[in-house]
Enquirer: 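Take this structure, written in structure tokens, and hold onto it; I'll ask about it next.
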Amino acid sequence: MSTAVLIGRETRRLLRHPVLWLVPVVVAVTTAADSASNGRDAGYWYVTIFIAVAFFGPIIVLFAANLVASGARRGRAEEMLHVTPTSDTRRTWAMSLGIALPLAGVGAVAAAAMAVIGGLNDIPAKDQMNAGELVQLPLVIAGAGLLGVLAARWLPFAGGVLITFLVATLGGLVAFNRIDGGTWWMWWTTGMTFEGWTPPPGRPWLHVAYLTGLCACAAIAAVYRSQGRKLVLIGGPVLAATLVLGGFQLP
Amino acid sequence: MTVRVRSATKSFGRTTALDGVDLDAGQGVTGLLGPNGAGKTTLLRIIATVLAPDRGAVSLLGRDPARPDDRTRIRERLGYLPQDAGFHRGFTVFEFIDYVAILKQMTDRRARHDEVRRVITLTGLASVSAKRIRALSGGMRRRVGLAQALLGDPDLLVLDEPTVGLDPEQRLRFREMISRAGEGCTVVLSSHQTEDIAALCTRVAVFHQGRVRFTGTPNELTARAAGRVWADAQRSAAALAAWRTGDGVYRNVGDPPPGAELVPPTLEDAYLLLMGEPDLEVTHS
């Protein structure tokens with residue numbers, strides 16, 4: 001019961017974090033600046049939601065989640081909180097779920113909105129995301145939050161999250177350019193059609209499983225940061241499965 | 001005894017912070033007195049279950065903090081104010097204490113909020129409970145730290161330098177709060193301030209270089225300086241410490257010359273003597 005209360009409290013901390021408020025601001029500014037040559041039709045809003053949730057959202061969420069997760073360390077409150085009966089493991093689980101669940105909810109709402117817009121309007125089928133790709137949205141944005149928590153736990157110093165951002169981004173770019181399989185490896189968006197390449201049937205769901213694995217890896221690595229044995233025993237198989245799922249997407 | 005420490009040793013790299021320390025503390029206020037680096041904070045962190053000793057035995061509230069289950073049970077009945085207590089940025093006073101209350105597993109919302117309001121009132125924070133902690137003065141923040149430690153009426157309260165950085169009025173208020181808390185539970189606190197120890201503590205342990213030099217009551221410590229404090233018109237060469245008091249007379253502490261005008265000692269005099277004679281035998285009473 002207390003874990004549920006704690007999850008709710010962590011969610012509240014994330015949602016009230018000023019950095020997260022940048023998401024609507026950035027979306028509002030970019031949509032206002034966009035000339036929308038075809039007018040603000042259904043297709044425009046479809047893409048706007050996609051960009052907000054799958055591009056701006058994850059980048060900002062990464063930093064906001066990191067600031068929330070590292071709040072105790074930055075405020076030098078860790079020792080005071082450490083001696084409560086709520087263990088570090090339980091606190092980090094609550095932190096991870098409190099951050100990931102609402103973000104996944106936002107992603108799910110966005111995916112549902114895109115599905116509705118796509119279904120009710122005459123957006124060409126080739127420009128619409130299929131069900132497998134839409135399901136990736138909650139995982140991408142929740143994964144960005146979990147990555148922020150992970151960075152707070154493993155790189156507990158100022159600039160840790162920036163290093164995470166740069167390494168993940170550069171790593172994604174290198175992977176996308178080096179691996180000629182059409183899979184978008186970048187951490188902040190989902191796979192769509194690239195330069196005429198369309199994912200074969202079933203591939204988006206494989207990517208869903210892969211993203212789920214990444215989210216699980218991030219959560220496990222964050223929670224069991226100081227418990228090497230559990231980290232290996234629980235995280236090892238999950239990481240192996242995730243790598244296999246990633247491997248299936250290679251050409 | 002609520003706190004029983006036997007032969008506790010703790011090192012950080014090559015530095016020995018605690019060297020075979022024994023300590024017993026029961027209901028009331030026990031004070032740890034000593035200079036910086038004497039090992040007070042290390043011992044308090046061990047008693048607060050933050051650290052484990054490298055060697056030695058610790059029993060808290062009848063349980064062994066080395067065992068995870070026991071440690072959790074101890075933490076359910078423990079309140080702790082660290083020396084360098086920080087707070088989540090952006091939290092209001094109420095939100096922060098409420099957050100700690102959740103971590104202390106107070107799940108019922110109404111009961112938890114009642115308890116948060118109780119400790120806020122107890123520590124005189126009611127007028128600022130909706131203010132952000134970062135907007136408070138150092139003294140007020142210290143009160144927030146004490147308030148979270150008092151949550152749930154702990155059986156063991158560990159306070160590291162609770163009065164540091166407080167103005168005289170705040171210190172008196174803090175003394176009152178700690179004294180009240182000590183009526184119903186075991187309080188272990190550290191301080192540089194002999195006045196705080198004299199005013200608050202039923203027992204005192206004096207630390208020097210990681211070892212306990214004295215344990216006993218403040219009166220017993222003070223009595224050790226009887227006949228070793230004298231007033232003089234000038235600073236005495238025989239004194240370990242001497243200073244000019246407000247009335248223009250020098251207060252000398254050490255071995256008085258024959259015919260010296262002896263004056264009643266204070267706890268501070270006894271502490272200075274103890275620190276000035278580090279080879280003195282360890283005394284337990």
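In what follows, every chain begins at residue 1, and chains take the letters A, B, ... in the order their sequences are listed.
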Enquirer: If you count heavy-atom pairs under 4.5 Å between each of B:R73, B:E95, B:R77 and chain A, which one has the most?
Expert: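 Option with the greatest count: B:E95.
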Enquirer: Chain A heavy atoms under 4.5 Å from B:I102: which part of the residue, side chain, backbone, both or neither?
Expert: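 It is both, since atoms from each part get that close.
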Enquirer: Can you check whether A:E79 reaches B:D84 side chain to side chain, under 4.5 Å on heavy atoms?
Expert: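 Not touching, per the 4.5 Å side-chain cut-off.
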Enquirer: Going from CD on A:E78 to NE2 on B:H88, what distance comes out if it is rounded to the nearest 0.5 angstrom?
Expert: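 Taking CD in A:E78 and NE2 in B:H88, the distance rounds to 9.0 Å.
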Enquirer: When rounded to the nearest 0.5 angstrom, what distance separates CG in A:L6 from CD in B:Q105?
Expert: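 Output value for this atom pair is 9.5 Å.
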Enquirer: A:V5 and B:T107: which non-hydrogen atoms are nearest, and at how many Å?
Expert: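 Scanning both residues completely, I find the closest heavy atoms to be CG2-O, 4.3 Å.
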Enquirer: Can you tell if the side chain of A:M80 reaches within under 4.5 Å of the side chain of B:V100, non-hydrogen atoms only?
Expert: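 In short, these two side chains do not touch, never coming nearer than 4.5 Å.
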Enquirer: Taking all atoms of both residues into account, what is the closest heavy-atom pair of B:G86 and A:A77, and its distance?
Expert: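 Closest approach of B:G86 to A:A77, heavy atoms only: O-CB, 3.3 Å.
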Enquirer: At a 4.5 Å cut-off on heavy atoms, which part of B:R45 comes close to chain A: side chain, backbone, both, or neither?
Expert: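 Interface part for B:R45: side chain.
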Enquirer: Find the one option among A:R16, A:H17, A:R73 whose heavy-atom pairs under 4.5 Å with chain B are most numerous.
Expert: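 Top count of heavy-atom pairs under 4.5 Å with chain B: A:R16.
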Enquirer: Which answer fits A:R74, side chain, backbone, both or neither, if we ask what part of it has an atom under 4.5 Å from a heavy atom of chain B?
Expert: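 Both parts, backbone and side chain.
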Enquirer: Do you know the tightest heavy-atom contact between A:V83 and B:T49?
Expert: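 For A:V83 and B:T49, the tightest heavy-atom pair comes out as CG1-OG1, 3.9 Å.
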Enquirer: Crowded around B:R67 CZ? As in, over 12 foreign heavy atoms under 6.0 Å?
Expert: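 Open.
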Enquirer: When only pairs under 4.5 Å are counted, which of A:P85, A:G75, A:A94 shares the most heavy-atom pairs with chain B?
Expert: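 Of A:P85, A:G75, A:A94, A:P85 has the most heavy-atom pairs under 4.5 Å with chain B.
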Enquirer: Heavy-atom distance under 4.5 Å between the side chains of B:Y80 and A:H82, does that happen here?
Expert: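 In short, these two side chains do not touch, never coming nearer than 4.5 Å.
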Enquirer: Flag the pair B:K104 / A:T84 as yes when at least one side-chain heavy-atom distance between them is below 4.5 Å, and no otherwise.
Expert: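 Yes, side chains in contact.
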